[in-house]
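The structure appears right after this line, and notes come after that.
Everything quoted here is computed from the prediction, not taken from an experiment. Chain letters run A, B, ... following the sequence lines, proteins first, then strands; residues in each count from 1.
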Number of protein chains: 2
Amino acid sequence: MSTSFQQHKTGDLHFLKRLNRSAILELVRRTPGLTRADIASQAQLTKATVGAGVQSLLKQGWLSEGELQKSSGGRPGRSLYLNERHYAMLGAEVGVHGLRLVACTLSGQRLASHHEPLVPTTPEATAELLAGLLRQLMAAPKVADRHCLGVGVALPGPVAPGQPLLRLAPNLGWRDVRFLDLLRPHLPRQDGVWLMDNEANSAAFGELYFRTGTIPDSLVYVSAGTGIGSGMVEGTHPPLISRGLQGLAGEIGHTVLQPGGLYCHCGNRGCAETLVSGWSLRAALGIAEDESLIDALLPRLQDEGVQRTLRRAGEALGTLLLNLHHTQNPSEIVLGGSLVQLGAPLLDPALAYFKANQNRLLGTTQQVPLRVIEDATFIAARGAAAQVLASVIHGPSDLL
Amino acid sequence: MSTSFQQHKTGDLHFLKRLNRSAILELVRRTPGLTRADIASQAQLTKATVGAGVQSLLKQGWLSEGELQKSSGGRPGRSLYLNERHYAMLGAEVGVHGLRLVACTLSGQRLASHHEPLVPTTPEATAELLAGLLRQLMAAPKVADRHCLGVGVALPGPVAPGQPLLRLAPNLGWRDVRFLDLLRPHLPRQDGVWLMDNEANSAAFGELYFRTGTIPDSLVYVSAGTGIGSGMVEGTHPPLISRGLQGLAGEIGHTVLQPGGLYCHCGNRGCAETLVSGWSLRAALGIAEDESLIDALLPRLQDEGVQRTLRRAGEALGTLLLNLHHTQNPSEIVLGGSLVQLGAPLLDPALAYFKANQNRLLGTTQQVPLRVIEDATFIAARGAAAQVLASVIHGPSDLL
DNA sequence: AGGTGTTTGTTCAATCTTTTTACTTAGTGG
DNA sequence: CCACTAAGTAAAAAGATTGAACAAACACCT
């Protein structure tokens, strides 16, 4: 399901209390170690309100008290932190070549994780396998004694906004799969939040949501793997994921970069994926489906043919990044996915093109932060867990 | 200034009351003729709360009571409408070839408007001229007796988010202009809301905000004129404009459609604007700056050379629309700007390409609504007025 | 050591808004 | 003409934030 927090058009007093408590929790999440007095000034609430809110959050296991801060002439304040021991969230990613699962704390710390290689199969079989692995994860020592807030699943394709329906997963051969419905029967506990989303959306959300300190206004995660997709989160309290009417937002792999170019599996011509993607690299370099693309290429990175192919793909990736810059202009871009492991031969041309052209219009020197994630294995799964947490904090749950 | 409604992290009781009253006003705005009982059920408020809220909104001139509805077995409810006589908003667009001004009611009805042709000049001279025209507009009979909520100005270039600064207007030759600061000294009344935004953003906002009935979740306005830009609004209560880190969101004219293509005025190669834009059409067909592009082309639409040029430009426009579809997937696309007046020779190839390819990925038959605005003259100016209204309803103003 | 000043956090009555409940109003239909 | 239904209003009740007073904890000065 898409984590759509209904915009509370109206509110009663209970809603107001919830709002303020979730604001307190968010502040401590973003800035660990805050005191009640800090919260009061930053949230523009009175000491009394903050005191009451903090007390109930402590009692329910959301916050924990830390050490006394250094005095600045008066009574020192007591630091507040997320209670990392009471709750846990589960996140999973169904990838084209495997399942990835994580359990993590409120701050996003990994408690346990698992990577299960897998060749694509039916949704039903995948769901059953994933359910078994989730049960194992829940039984892990660090996880079992925590209260589980819910499960989030990230999937490699567009998800219908507002309902838990995977519209399409081209690289799995799936279409119109209600994955959560397949998962539920195989799991004992049905309580808590259950949601599913596109993997790039989940990853983007997690990268923004688990950050502390000052956080960017918006963030785009570009996932370069078998296909190419992106996810965008915007705003705060809570960050909102752009999904679009049909869940097609972020399908940048099918933006046209070369009108009249090569045919794409979608039937159109010149899609970005025909220039840069796992499957186009396989096609260009003759690497079979049953072989790992990365494993096949890493030893051959010095080959001139491989270098040339990767450079061309990298230039297309750079164009894609620049087009995102001029379409959504995110405050930060994060680049992940399996292709990142190919390193400089692919990434250098991309980053160089982006850097060279991002400031042409305005003529400024301000650089948009672009971060490359070396090991993106659990990023999407962790992001799905983040969505679970956000859903509890900002959604209709009665746990808070 | 960008209409950024600070996300109210927290709230007191006064905030709650405001929230509920603005929700009532929004409901009546979207569905004129609602009764108090309808509002209560739709907004999940009690009859008493709605009654009190409506009463104060009536007293302050936001709402007016209409006729009695037909009884359905009990006491008939009284219809509520926006009070179209008490308030007014002003909107203006600074275009490359002229100034456009409107004054409108709460529902977006035009009370008065003015179009002033103009050749590009300095920001200072433009501001002084615009101020004079605004004063005239405020003195118009239908406008003068209303309370003016504020002024919004739409500008042809990226506007810095969070501050009233036009970063760049390439076709005016302006850079880093604080236009509101230039405008203020020439206007007598400084109260109310003052804001400025990119013209495509304003247009998109207005198209969504003034709509009644069921409204789309998101909307993209594509403005095809001397340059090509787009604006996106998303969500409701209130609709949010995506501006991006530097105000570059929607600069789709500078997305690359043809790597290694023609040089663009931005210095990069293959930008969409090199394929479809007022300036690229002038260049391709040899039409001078001092001549109206539309007036020059309309008589020559049957020329084979013109047809071919427009068809190619239209195909690029279609690609641009498809790329938007696969990047943001808006619930509705609105196409405006002066180039729309060129009609079928330009638009048919664009719409055909978009229609032929928009469903390739999902394989559905659902069509994204795409509306072409025949006369987009006052769309952006009216949108800026809409932003003023939204800023009063959802912002920190104390008028509501 | 002890007093003073400063800041943190809590307690409690006051205030304000929504809700609940009862009641009035206004029309339909037998 | 009278029951019946639904819309809207006016009271008391419930619940949340606020403001002021108070207690706690530490630094600094004498």
Interatomic distance, [X] [atom1] vs [N] [atom2] [rounded to whole Å]:
{"X": "L16(A)", "N": "dT17(D)", "atom1": "CG", "atom2": "P", "value": "5 Å"}
{"X": "R21(B)", "N": "dT17(C)", "atom1": "CZ", "atom2": "C1'", "value": "12 Å"}
{"X": "Q55(A)", "N": "dT17(D)", "atom1": "CD", "atom2": "P", "value": "14 Å"}
{"X": "E65(B)", "N": "dA26(C)", "atom1": "CD", "atom2": "P", "value": "12 Å"}
{"X": "D38(B)", "N": "dA6(D)", "atom1": "CG", "atom2": "C1'", "value": "12 Å"}
{"X": "L13(A)", "N": "dA13(D)", "atom1": "CG", "atom2": "C1'", "value": "12 Å"}
{"X": "R36(B)", "N": "dA26(C)", "atom1": "CZ", "atom2": "P", "value": "13 Å"}
{"X": "R78(B)", "N": "dT24(C)", "atom1": "CZ", "atom2": "P", "value": "21 Å"}

Base-contact (B) and sugar-phosphate-only (S) positions in nucleotides 25-30 of chain D, heavy-atom cut-off under 4.0 Å, - elsewhere: BBS---
Phosphate OP1/OP2 of dT18(C): any N20(B) side-chain N/O under 4.0 Å: yes
Phosphate OP1/OP2 of dT18(D) contacted by T46(A) side-chain N/O (<4.0 Å): yes
Side-chain H-bond candidate by donor/acceptor type, S202(A) with Q387(A), under 3.5 Å: yes
Side-chain H-bond candidate by donor/acceptor type, Y81(B) with E67(B), under 3.5 Å: yes
Under 3.5 Å: donor-acceptor pair, side chain of R21(A), backbone of L400(A): yes
Note, F205(A) side chain near P239(A) side chain (heavy atom, < 4.5 Å): yes
Validation row: S242(B), E234(B) side chains within 4.5 angstrom (heavy atoms): yes
Listed nucleotide nearest any side-chain atom of K47(B), set dA7(D), dG9(C), dG15(D): dA7(D)
K17(A) side-chain proximity, nearest of dT17(D), dT18(C), dT19(C): dT17(D)
Whichever of D12(B) and A52(B) has its nearest DNA chain D nucleotide further upstream toward 5': A52(B)
cation_pi(R382(A), Y209(A)) dist<6.0 Å, angle<=45: no
Partner residues of R211(A) under the side-chain contact (heavy atoms from CB on, under 4.5 Å) criterion, sequence neighbours left out: R30(A), I215(A), P216(A), L219(A), E332(A), R371(A)
Touch class at under 4.0 angstrom, heavy-atom based, for A37(B) against every strand present: sugar-phosphate
